[in-house]
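Lettering follows sequence order; numbering is per chain, from 1.
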Number of protein chains: 2
Amino acid sequence: MPKSTAASHDQMYGVMADSQALSAAAVIVNRETDPRSCILNAAAHCFTNQGFAATSIDDVAHKLNATKGMIYHHFRSKNDLFFAVYRRGMEINFEAIKPFQSKKLPALIRLARIGYAHAVTMMAEQDFQRTVSQGVAMHQTGSTTAAQRETLDELIEVRDRYEAVFREAIRDMAREEKLEIDDLSISVKCFLAALNGTVFWYSPRHKNPQPEQHKIALNLITYALRGLGTELPAEALENLGEDE
Amino acid sequence: MPKSTAASHDQMYGVMADSQALSAAAVIVNRETDPRSCILNAAAHCFTNQGFAATSIDDVAHKLNATKGMIYHHFRSKNDLFFAVYRRGMEINFEAIKPFQSKKLPALIRLARIGYAHAVTMMAEQDFQRTVSQGVAMHQTGSTTAAQRETLDELIEVRDRYEAVFREAIRDMAREEKLEIDDLSISVKCFLAALNGTVFWYSPRHKNPQPEQHKIALNLITYALRGLGTELPAEALENLGEDE
DNA sequence: ATTGACAACATACTCGGTAGTATGTTCCCT
DNA sequence: AGGGAACATACTACCGAGTATGTTGTCAAT
C-alpha cells in the first residue's frame, strides 16, 4: 500500500516493481520517482505489452502494487494517461537529439549524430517508443473519438516537428555534399524507418545493453546514410556515441 | 440479412459494404466472394482500424451487414479469426514475390524484383499487412495466452521463412557483387524496414493508386538497395513492375 | 495538544460492452 | 418430410472505464 511515510515512498515503488516486469527483457528503471512518472513508466510498459485497448487501468495499477484510485488521482482518464505517455516519449526523443543539433557542424555529422542518438533511444526506451507508434497508428487509421482526435492531432504535430529535424538535416546534408535526393519525403521516411525498425525485433540480451545497442546503432546509421547515397568517414563513425 | 438466394449472395456483400469502409481511404475490393474471404477482408479492415483487442466480433459482422452467428459459423473464436487473417496476409506476400524467385537471374535483379513486389504489396494490402504486424508485436511482447502462443509461434515461423527469402537474396547478391555486408541480420532488417515503412504513413490518394504505388516502390527499393551498398542499373530499374 | 482541511490513495459500485454459447429460423437438397 | 448448412437472435458471464465513497497521513491554525 502506498500509504507510507514520504521517506520510504520512492523506495517502495522500486522494490514493488512487478516480477513480471523484471523477467521481461526490458527492465523498468525508475529514473524518476514521483508517483506520476512511475505511473507513466508502468503504463508505457503495459501499453507496449498489450496495446492500449487490452491494457486496463487495473493492469497499470497492479504493476505498481497500487490501485485504480492512484491512477485516477493523477490522470483523468485512460486516454489522458496514454497521451501523457506519448508526450513523454517524444520528450525523450527530443532530449536525445538535442545536444547534436548545432548548425555549426557539417550537416552530415549532424545527421549522423542525431540519427545515432535516435537509434539508441529507440532501443533504450522501447516502451515509450512503442506507445508513440501506437498513437501514430491510431491517428492514421482514424479510430478515435472526436475528443481523442483533437489531442492526437496535437501529438502528431509534435512528432512531425521531430521528423522535421531529420528532414532539415538531410536536406542540408544533400546540399553540402552536392547530393541529389529523388524525393525528400520518402527518403526521410526510409531513413527513419531503418532506424526505427528495432522496435519490431530488438530485445536487450544483456544486463548492460549499451555496447550492443551502440554496435547495432552504428550498423543502422551506416545503412540509413548509405540509403541516402552517402557515407560517414571512418573516424567520424568511431566517434559516434563517445563525445557527449 | 444474408438469407437470400445463392444468385444474389455475392452481390449482396459488395453492395452492403459499410459506408464507413468506403469513406476510408482503403476501399474494400472483394476479390474473393465466398463468405469466409469476405469475413477475412472485413476483419483485416477492423483489426487495422482498431487493433485486435478493440475490434469486436460484432464490428466485423456489422461491416458485412451480418451478425455474429455468421462469424462464429466460420471461425471458432476471435483468435482463430485473427490468425486466419495473418495467414492470408503472409500468403499474399509469398504470392507477390513468387514469380521473381528464380535463381537463374542475377541475385541483384532477383532482390530488386522481390523487394519491389514486396513494397507494392505493403501498400496495396495494407489491412492484411497491418494485421501481420500486430501479430508480430503480439509475439514479441509475449502478451499471449498459452493457446495463442502455439499458433503464434507457428505464424512467426511463416514470417521468418518469408524473411529468409530476402536474406538469401541479399547474401547471394553480396557474393555476386563482391560486397561486404557488415551484419547480414541487421542489413536484412533494415532492408525490410525501409520497404515496410509505408504501413505507417502511406494512404492511397487516388482511385487508381497503382502509378503512385509504383513510383513510391521505386524510391523505396532504390533506397533499400543503396543502404546495402549497391544500386540497380537504370534500365533494370525501369523494367521493375512491367515484366510480369 | 487538538481540530479541521486536504492530498493521496484504496475500495465499492454502476453500467455498458463483449466473447462465446444456446436456441431459433429459413433455405436447400435428398 | 427430414436433415443439415448458414446464418440470426437471445442469453450468460465476465470485464473494465469511470464514479462514488471510505481511509489515513500530513500540515496548519488555534
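- The distance between atom CD1 of A:Ile71 and atom P of C:dT11, rounded to the nearest whole Å, is 14 Å.
- Atoms CZ (B:Phe82) and P (C:dA19) sit 14 Å apart, rounded to a whole Å.
- Between A:Gln140 and B:Arg130, some side-chain heavy-atom pair lies under the 4.5 Å cut-off.
- Under the 6.0 Å distance and 45° angle rule, A:Lys189 does not count as a cation-pi partner of B:Phe200.
- Between B:His74 and D:dA5 there is no side-chain polar atom (N or O) within less than 4.0 angstrom of OP1 or OP2.
- Scanning for salt bridge (charged side-chain N to carboxylate O under 4.0 Å, His left out) contacts around A:Arg36 gives an empty result, with sequence neighbours left out.
- Atom P of nucleotide C:dA19 and atom CD of B:Gln148 are separated by 13 Å, given to the nearest angstrom.
- For the pair B:Ile39 CD1 and D:dC7 P, the computed distance is 7 Å after rounding to whole Å.
- Checking B:Asn93, B:Thr48, B:Thr198 one by one against B:Gln129, the side-chain hydrogen bond (donor to acceptor under 3.5 Å, both in side chains) holds for a single residue, B:Asn93.
- Look at CG on B:Asn65: it is 13 Å from P on D:dC7, rounded to the nearest Å.
- Between the side chain of A:Arg167 and the main chain of A:Val188, no donor-acceptor pair closer than 3.5 Å is present.
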Every protein N/O lying under 3.5 Å from an N/O of nucleotides 13-19 of chain D:
| residue | atom | partner | partner atom | Å |
| --- | --- | --- | --- | --- |
| D:dA17 | OP1 | A:Thr55 | O | 3.2 |
| D:dA17 | OP1 | A:Lys78 | NZ | 3.0 |
| D:dA17 | OP2 | A:Ile57 | N | 2.9 |
| D:dA17 | N7 | A:Lys68 | NZ | 2.9 |
| D:dG18 | OP2 | A:Tyr72 | OH | 3.1 |
| D:dG18 | OP2 | A:Lys78 | N | 2.8 |
| D:dG18 | N7 | A:Lys68 | NZ | 3.0 |
| D:dG18 | O6 | A:Lys68 | NZ | 2.6 |

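- Per the geometry, NE2 belonging to B:His73 stands 16 Å off C1' belonging to C:dT21, to the nearest Å.
- Of the candidate nucleotides D:dC7, C:dA10, C:dA7, C:dA10 has the atom lying nearest to any side-chain atom of A:Met70.
- At least one donor-acceptor pair under 3.5 Å links the side chain of A:Gln126 to the backbone N or O of A:Tyr202.
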